[in-house]
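Worksheet: one structure, shown below.
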Amino acid sequence: MSIASKYDPAQAEAKWYAYWMEHKLFSSKIDPSKEPYTIVIPPPNVTGVLHMGHMLNNTIQDVLIRRARMLGKNACWVPGTDHASIATEAKVVNMLKEMGIDKKSLTREEFLKYAWEWKEKYGGIILEQLKKLGASCDWDRTAFTMDPALSNSVITVFVDLYKKGKIYRGIRMVNWDPKGQTALSDDEVIMKEIASKLYYIQYKIEGTKDQFLTIATTRPETIMADVAICVNPNDPRFTHLKGKKALIPLINRAIPIIEDEYVDMEFGTGCLKVTPAHDINDYELGLKHKLEVIDILNDNGTLNEKAQILVGEDRFIARKKIGKLLDEAGQLEKIEDYKSNVGHSERTDAVIEPKLSLQWFLNMEEITKPALKSVMEDTIQLHPSKFKNMYRAWMENVRDWCISRQLWWGHRIPAFYLPNGEFVVAKTAEEALKLANEQFRSNYTLTDLTQDEDVLDTWFSAWLWPISVFDTDVFATGKPNEELKYYYPTNDLVTAPEILFFWVARMIIAGYEYLGEKPFKNVYLTGIVRDKLGRKMSKSLGNSPDPLELIAQYGADGVRTGMLFSSPAGNDLPYDDKLVEQGRNFANKIWNAFRLVKGWEIDPSLDGSSNEASIAWFENRFNEGLTEINEHFEKFRISDALMATYKLVWDDFCSWYLEMIKPAYQHPIDQQTYDKTIEIFEGILKILHPFMPFISEELWHQIKERSVEESLILATWPKAENFDPKIIEEAKQVFEVVSQVRNLRASKGMSPKEALDLSINAKNPELYTQFATVLSKLANLSSLNFADKVDNSMSFVVKADECFIPMGDSVNIEEEKANIQKDLEYTRGFLNSVLKKLSNERFVAGAPANVIEMERKKQADAEAKIKALEESLAKLG
RNA sequence: GGAAGUUUAGCUCAGCUGGUUCAGAGCAUCUGCCUUACAAGCAGAGGGUCGGGGGUUCGAAUCCCUCAACUUCCA
């Protein structure tokens, strides 16, 4: 026998992944005779490389899909990638910069050519990496959010929603990213607490020589955009200023002093500068008081000529300079340290500038309603359910969705502007022209039309994903094709809570809007993979291991199980190499269990009846374990399902069962036991497969030669048969005796090689005789007898059975007595607590019958044990 | 500032509707073993007044109140 004692994953992984691919075993075709089970992958960004989060997320998906496949379902896992507008455009812009090309010097078409080249080159990397993990996606279905057909459906949906009046164009205060030079949705803004300064600035009251009012602001560079000063009408400090005007320092522009209860009298000085162009609250206030809007910032965050001073300076430089200017002018009262929450771009990390601009919006008011309802009523279940609260909070307070982005990479907005200042929305320029000429009774030609320069928010395509991977025409036709009818709604979605609103909620919205049906039944929300210090793993911190390196080192199976050992749904995963090491060790354990079995020689003439009890025990235990595992899966407790599998395989199968039936060294095994053991091993491999697809498939084929159709990936998940708890209970008792003998040896410093005689004063000797050979083997006994008393022996009690091991003169009677005494005292104390309960009338009257029954049994057990212990004590004299 | 969640062994977490799965699991730790499947292993062992305080109850890790700490979401 020349199987290596250590499992080498690399070879098996390459071999079996290629095998599965070659024979198209991940492929799913419509089959009405089978129940579909569908997962759509959360499409990773084309800019992405595999990180630890992907590993966790995709391992979970693969576990689910592989188990579903074995359950006989038509398992379909659709892979793909997302075009990621901002991130990809930023990557391409950087690449061009390195090539010495400025994006501004390119036309849109030229830029897109570079972008597509970039995408073709790098966009598929992450999917290749997923294969290393073992992901059993139907790769023939690989989709990309900017594929022509998918793009077409995005545009169709835009036009449709526009026609329904749900999409509109409007001036709004948006989150402007001056670095990315685009508007962002609220969700793409990350609030961070920043140490800043509060500037106290004095504004002269118009028409006076020395009267001032003081405002406090964190943004002194915006004073040139002020259009009013606002005070609270209830504030007695400012009643004398009513109707007057103030002069903006440095530029001396007069602005009215207005009153509004909105102003917090406690904060700052009680005077608020109103700058509608650069603050969302001021903007609202401006609307209310019909104030003008002065925008002093350029799109790139520099000051424009409306600022009059510091024109061309960056907003942050201007802030510093204006502080100095105000100080020199004697109008800076003081500067205080201040902590404020400042929005940052999720993508570029630039400080967000509230900016008024013309953008496209989707009205969310009506369209979100069915989506909220379905989650609240558990039509769609979130796992863990605690996310329902968050979901509701968002959906009930959702604001209109800003869907335009000032970028080139993405789906260009199908709005066409006309020379008359109007615009039309249509799928193509030709249609737009027709529409325009009808609507405005004109004779425009194509050259008169100018298409909107902007693209749509990436999520505006991703929200169609569970539909458009199957059917890109349904948005136009309203008639689902066969694929969509069969695979939709999908079953489970596995993703991160971070994108619950970005993506999950919007997919649900789109599902109901276009198909009147949920996009998936379950949403499994994973946690974030963190390092030992609790920090999120990130490239910039350099605290993340390289996933491919990990796979190379520990094997894909080891990494997969390692990722799942400690990651209940919704919980963060504190990553530690120890986890994947444990996974690797587990694979090795299975490998060696196989080596053992494979190494046996079979002697058909041998009688295997002494192993029957062991086999019967394991079969019952297997079904018990399997029942438990199935329950965990059904509740999406993947970690627990893995742990139950781990213990069943390692503890019950390897540590107990194999040791029980293992023939002595270089002795053959009987045919019956061997066959049963192989059968059991096959069951083990089946339940391991979703977690550890590679090693399980490898051993499956090493057991015997099998055809493609007989591959483990296609095998049937074992049926959980009924089991007899009594058999499991009895075996436990025998195991306990084994443990006690071993324990006794260890505590006396005896070698395990030293065989011992064991006598049991058993209520039911049959229980032990059926496992007689097992007991002898595992506890290393020279004999097993039944007797109610053995002189000069050490003893212990299991349940109510006394066990004796004669030790001749070496027995320390006093020590033995002390041990028994200790046990006795504990049991008596326990009995007392039980009796106390049972003698309490209110307990007996109030507790349910089964609880009382239980207490009575406790009493009986304790009494029996006490009796046995007392007898032991008495025998010692 | 508003809301939710978390707090159980050194670490990561189970413990469903109050009563034998009630104090658990894995890892880590300690002790003894290179016992021919596996030292990536085997056999044993020790570790927690279930965040603090109060209450309800015959009975609380579990229900209620309160305080504290941490996390997340929203502003």
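Residue numbering restarts at 1 for every chain, and letters A, B, ... go by the order of the sequence lines.
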Discussion item. Once rounded to the nearest 0.5 Å, what's the spacing between atom CG of L382(A) and atom CG of L500(A)?
Written reply: 6.5 Å
Practice prompt. Just compare G41(B), U12(B), A45(B) and give me whichever is closest to any side-chain atom of N585(A).
Written response: G41(B)
Worksheet item: How far does the P atom of A39(B) sit from the matching atom of A14(B), given to the nearest Å?
Response: 34 Å
Worksheet item: Starting at CD of E736(A) and ending at P of A45(B), how long is that distance when rounded to a whole Å?
Response: 9 Å
Discussion item. Regarding R637(A), tell me which of base, sugar-phosphate or nothing describes its non-hydrogen contacts under 4.0 Å with the strands shown.
Written reply: sugar-phosphate
Worksheet item: Do other residues, nucleotides or ligands put more than 12 heavy atoms under 6.0 Å from the CD atom of E659(A)?
Response: yes
Fill in: C1' atoms of A9(B) and G46(B), separation to the nearest Å
11 Å
Practice prompt. Could you measure between the two C1' atoms, the one in A28(B) and the one in U35(B), and give it in whole Å?
Written response: 26 Å
Worksheet item: If we take the P atom in both C65(B) and C74(B), what is their distance in whole Å?
Response: 27 Å
Worksheet item: What distance do E284(A) atom CD and D260(A) atom CG have between them, rounded to the nearest 0.5 Å?
Response: 11.5 Å
Worksheet entry | Gap in Å between the two P atoms, one belonging to G55(B) and one to G1(B), rounded | 31 Å
Worksheet item: More than 12 foreign heavy atoms under 6.0 Å from NZ of K732(A): is that the case here?
Response: no
Worksheet item: Do any side-chain nitrogens or oxygens of N389(A) fall under 4.0 Å of OP1 or OP2 in C73(B)?
Response: no
Worksheet, complete the sentence: Here the distance between atom P of U6(B) and atom CG of D572(A), to the nearest Å, is 14 Å
Worksheet item: Which is it for Y575(A) and S544(A) under the side-chain hydrogen bond (donor to acceptor under 3.5 Å, both in side chains) test, yes or no, and what are the steps along the way?
Response: CA-CA 9 Å; Y575(A) 176 80; S544(A) 175; over 6 Å; no
Worksheet item: Is it true that atom CG of N397(A) has more than 12 heavy atoms of other residues, nucleotides or ligands lying nearer than 6.0 Å?
Response: yes
Worksheet item: Contact class for R399(A) (heavy atom, under 4.0 Å): base, sugar-phosphate, or nothing?
Response: sugar-phosphate
Discussion item. Whether the D670(A) and T673(A) side chains hold a donor-acceptor pair (N or O, under 3.5 Å, no angle test) is what I'd like checked.
Written reply: yes
Worksheet item: Heavy atoms, side chains only, cut-off 4.5 Å: are V63(A) and R560(A) in contact?
Response: yes
Fill in: Sugar-phosphate, base or nothing in reach of S639(A), heavy atoms under 4.0 Å
nothing
Worksheet item: How close or far is atom P of U12(B) from atom CG of D577(A), stated in whole angstroms?
Response: 16 Å
Practice prompt. Grab the CZ-P distance between R530(A) and U12(B) for me, whole Å please.
Written response: 12 Å
Practice prompt. Look at the side chain of R584(A) and the base of A40(B), then say whether one donor and one acceptor between them are separated by less than 3.5 Å.
Written response: yes
Discussion item. Could you spell out the base pairing of RNA chain B as a dot-bracket line? Use Watson-Crick and G-U wobble contacts where both distances are under 3.5 Å, [ ] for crossing pairs, | for partners on a different strand.
Written reply: (((((((..((((.....[....)))).(((((.......))))).....(((((..]....)))))))))))).
Discussion item. For the P atoms, the ones on U20(B) and on A60(B), what distance do you get once it is rounded to whole angstrom?
Written reply: 12 Å
Item to complete: Please state the C1' separation for the pair U6(B) and C13(B) - nearest whole angstrom.
Response: 12 Å
Discussion item. Protein within reach of the bases, or only the backbone? For nucleotides 25-38 of chain B, mark each nucleotide 5' to 3' as B, S or -, using heavy atoms under 4.0 Å.
Written reply: SSSS-------BBB
Worksheet entry | Distance, rounded to the nearest Å, where I499(A) contributes CD1 and C73(B) contributes C1' | 16 Å
Worksheet entry | Heavy-atom closest pair, residues G583(A) and F565(A) | N-CE1, 3.7 Å
Item to complete: Between A37(B) and U31(B), how far apart are the C1' atoms? Round to whole Å, please.
Response: 25 Å
Response to the item:
Heavy-atom nearest nucleotide on RNA chain B taken for K635(A) and for P9(A); more 5' hit belongs to K635(A)
Worksheet item: Have Q553(A) and E549(A) got a donor and an acceptor in their side chains that come within less than 3.5 Å?
Response: no
